[in-house]
Amino acid sequence: MADDKETVVSATEELNEQMQVRRDKMAAIAALGIEPFGRHYEPTHGCGDIVKNFDILENQEVRIAGRILTIRGHGKASFANLLDISGKIQIYLRQDVLGEETYRHLDLLDIGDIVGVEGTVFRTQRGEISVKATKFQFLSKALRPLPEKWHGLKDVETRYRQRYLDLIVNPDVQKTFIIRSKIIQSLRRFLDSKGFLEVETPILHPIAGGAAARPFSTHHNALDMKLYMRIAPELYLKRLIVGGFEKVYEVGRNFRNEGISIKHNPEFTMVELYQAFADYQVVLNLTEQVIATIAQEVIGTTKISYQGQEIDLTPPWDRLTMTEAVKKYSGIDFSAIKTVEAAREVADQLHIAYEPKHGIGAIMNLVFEEMVEEHLIQPTFIIGHPTEISPLAKRNKENPEIADRFEAFIFGREIGNGFSELNDPIDQKNRFLNQVAQRESGDDEAHMMDEDYVTALEYGLPPTGGLGIGIDRVVMFLTDSYSIRDVILFPHMRHKG
RNA sequence: GACCCACUAGCUCAGUCGGUAGAGCACCUGACUUUUAAUCAGGGUGUCGUUGGUUCGAGUCCAACGUGGGUCACCA
């Protein structure tokens, strides 16, 4: 079609000078009988490893490969810096070593190209550990220029949309994602060592349950069936406890169809774990242990600095009931409030908005969110949430209006949530019915009825403690990242306009 | 969803009161055999996010839209 032709032509016209020059060089490389986009190369050493191990490697022959970051030509000799995953090293290229013809190929070399170099490890007069190249070959031509070497890439939009550029030119970014990987490794090591079994449960759910959130919905064509992206793995993991696994965990992605902020990405990573015969106290202790262990293993300390604030992750963390916390920071004693009318009056005085569906417990939770959360800078467990807002948690034995539940807060942000699991199928069914009623009255974050889950409970769920920890937020704290987007490789973005 | 801020060369950024579009790096041409933000000489490569409006004249003022960031709202 004519349209296609025009597309090709206009695409060609869009090449700026630098892109055209690089394409010309690519063609010149091909004209020499060299593939501009190579196939295979076996480095013997990492660039950064050579620098680290110079004592052993001095005067040794090495073969390295990486991306050209800088080139400094000096006539019949040139210097370049080569980057691979292990770090950077300088390469020194001399016409009299490489030969005139090969040396001329350097004219076709650009910053950003990926090349292989063989040569001898040595130290220059200025003390820079370098490789004196005896051979040099093109591995992949870069057809676009890299961002600037000194200021790097700062444009936030480009950094997120083209994360590969961010990773190439901003070394701290790579560091953050290496730490992220180590955090998850450390988490798995910890749980494995405690006898937990790692499992995988569905991400496509016929019923989205386990949390109060709006799901993404999708459709299975062959089955002509509506499906949801999971908002939490909770109900499946507890089915596994019914099935006889006594300690399970899953590290995985949850999807929630909600707003985006520095603390929220539509897909985010959580670990959820369940331990049979345990209660919320057991998993509460586990929470502070696992976070402290990860911090110690990955960054070498449990005393961290986040956004200029010193935070001590060393157990034990503070423990405070929600009622106590609300009293401490708002002056309101909800244990003395016995009617919804009284609770509403308090909320009105504090100018906190509530809805008709909110009972005493939900209103206390609103006060908590509004007046308490921001003060919980040092790691703090808030214990004893209203049962009203905890439809999957077991009631407290002494006070059925509160649940055996906790949330862990750091820097005013919730990083974990755990409870004694509701294992009474009759109570669970009634709570679901309650949620369904709320749903029908317009709350699209209320739970859907999950009959099969209730059936599973009817076969017997042992007393169980369950815990969920937001991994992204943990990574944020341990890498001192301001935004969740800085700990997610490809954060969600709109279509480019 | 509301409000605020940003968008200028490949990258990082200037751009005065509305009067011919600028710098550094990168790039191009040349010199240079231990440099390292190499240096030296020469060269500006642009749909000023988009579309309208005001004006003799708009990168600059106004409006709408787009994208990003932030605050709030919403929310594990």
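Naming: A, B, ... by sequence-line order, numbering from 1 per chain. Because only heavy atoms are used, hydrogens play no part in the values below, and waters and symmetry mates are left out as well, while side chains stay in. As the structure is a computational prediction, the values presented were derived from the model and not from experiment.
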Return the value, rounded to whole Å, for the distance between atom [atom1] of [X] and atom [atom2] of [N].
{"X": "A:His151", "N": "B:G10", "atom1": "NE2", "atom2": "C1'", "result": "15 Å"}
{"X": "A:Arg144", "N": "B:C27", "atom1": "CZ", "atom2": "P", "result": "17 Å"}
{"X": "A:Glu445", "N": "B:C74", "atom1": "CD", "atom2": "C1'", "result": "8 Å"}
{"X": "A:Ile91", "N": "B:U34", "atom1": "CD1", "atom2": "P", "result": "17 Å"}
{"X": "A:Asn81", "N": "B:U34", "atom1": "CG", "atom2": "C1'", "result": "14 Å"}
{"X": "A:Leu153", "N": "B:U12", "atom1": "CG", "atom2": "C1'", "result": "10 Å"}
{"X": "A:Ile415", "N": "B:C75", "atom1": "CD1", "atom2": "P", "result": "22 Å"}
{"X": "A:Met19", "N": "B:C11", "atom1": "CE", "atom2": "P", "result": "11 Å"}

Does [X] contact [N] through a side-chain donor or acceptor facing the base, at a distance under 3.5 Å?
{"X": "A:Thr70", "N": "B:U36", "result": "no"}
{"X": "A:Gln125", "N": "B:U35", "result": "no"}
{"X": "A:Glu128", "N": "B:U36", "result": "yes"}

With rounding to the closest Å, how many angstrom separate the [atom1] atoms on [N] and [M]?
{"N": "B:A23", "M": "B:A9", "atom1": "C1'", "result": "11 Å"}
{"N": "B:G24", "M": "B:G44", "atom1": "P", "result": "12 Å"}
{"N": "B:A38", "M": "B:C28", "atom1": "P", "result": "15 Å"}
{"N": "B:G66", "M": "B:G52", "atom1": "C1'", "result": "15 Å"}
{"N": "B:G53", "M": "B:A58", "atom1": "C1'", "result": "11 Å"}
{"N": "B:G22", "M": "B:G59", "atom1": "C1'", "result": "12 Å"}
{"N": "B:C75", "M": "B:U12", "atom1": "P", "result": "37 Å"}
{"N": "B:G46", "M": "B:C11", "atom1": "C1'", "result": "14 Å"}

Quick test of your reading of the model: are [X] and [Y] salt-bridged, counting only N-O distances below 4.0 Å?
{"X": "A:Asp113", "Y": "A:Arg67", "answer": "no"}
{"X": "A:Asp107", "Y": "A:Lys25", "answer": "no"}
{"X": "A:Asp404", "Y": "A:Lys394", "answer": "no"}
{"X": "A:Arg123", "Y": "A:Glu58", "answer": "no"}

(message) Please identify which of these residues, A:Glu421, A:Glu272, A:Glu250, meets the salt bridge (charged side-chain N to carboxylate O under 4.0 Å, His left out) condition with A:Lys238.
(response) A:Glu421
(request) Going by the salt bridge (charged side-chain N to carboxylate O under 4.0 Å, His left out) test, name the single residue among A:Arg485, A:Lys154, A:Lys175, A:Arg159 that passes it with A:Asp166. (result) A:Arg159
(request) Could you give me the CA-CA distance, side-chain angles and deciding distance for A:Tyr236 and A:Tyr274, then say whether ring-ring contact (aromatic ring centres under 6.0 Å, His included) is met? (result) CA-CA 11 Å; A:Tyr236 283 94; A:Tyr274 293 86; over 10 Å; no
At under 4.0 Å, does any side-chain N or O of [X] touch on OP1 or OP2 of [N]?
{"X": "A:Lys25", "N": "B:C28", "result": "yes"}
{"X": "A:Lys263", "N": "B:C75", "result": "no"}
{"X": "A:Arg161", "N": "B:G68", "result": "yes"}
{"X": "A:Arg126", "N": "B:U36", "result": "yes"}
{"X": "A:Lys132", "N": "B:U35", "result": "no"}
{"X": "A:Arg494", "N": "B:G68", "result": "yes"}
{"X": "A:Asn16", "N": "B:U45", "result": "no"}
{"X": "A:Arg485", "N": "B:G70", "result": "yes"}

Would you mind classifying the nucleic acid contact of [X] as base, sugar-phosphate or nothing, using non-hydrogen atoms under 4.0 angstrom?
{"X": "A:Gly152", "value": "sugar-phosphate"}
{"X": "A:Ile231", "value": "nothing"}
{"X": "A:Asn254", "value": "nothing"}
{"X": "A:Phe122", "value": "base"}
{"X": "A:Glu258", "value": "sugar-phosphate"}
{"X": "A:Gly112", "value": "nothing"}

(request) Please tell me which of A:Thr158 and A:Ala408 maps to the more 5' nucleotide of RNA chain B, matching each residue to the nucleotide holding its nearest heavy atom. (result) A:Thr158
(message) By nearest heavy atom, map A:Arg214 and A:Arg123 onto RNA chain B; which one lands nearer the 5' end?
(response) A:Arg123
(request) Indicate, with yes or no, if the rings of A:Phe334 and A:Phe368 have centres closer together than 6.0 Å. (result) no
(message) Ring centroids only, cut at 6.0 angstrom: are A:His205 and A:Tyr228 within range, meaning strictly under it?
(response) no
(request) Whenever both distances are under 3.5 Å in a Watson-Crick or G-U wobble pair, mark it; put RNA chain B into dot-bracket that way, with [ ] for crossing pairs and | when the partner is on another strand. (result) (((((((..((((.....[..))))((((((.......))))).)...(((((..]....))))))))))))....
(request) Kindly point out which of B:A37, B:G68, B:U35 is positioned nearest to the side chain of A:Arg72? (result) B:U35
(message) Can you see whether A:Phe122 has A:Lys132 sitting over its ring - NZ or CZ less than 6.0 Å from the centre and within 45° of the normal?
(response) yes
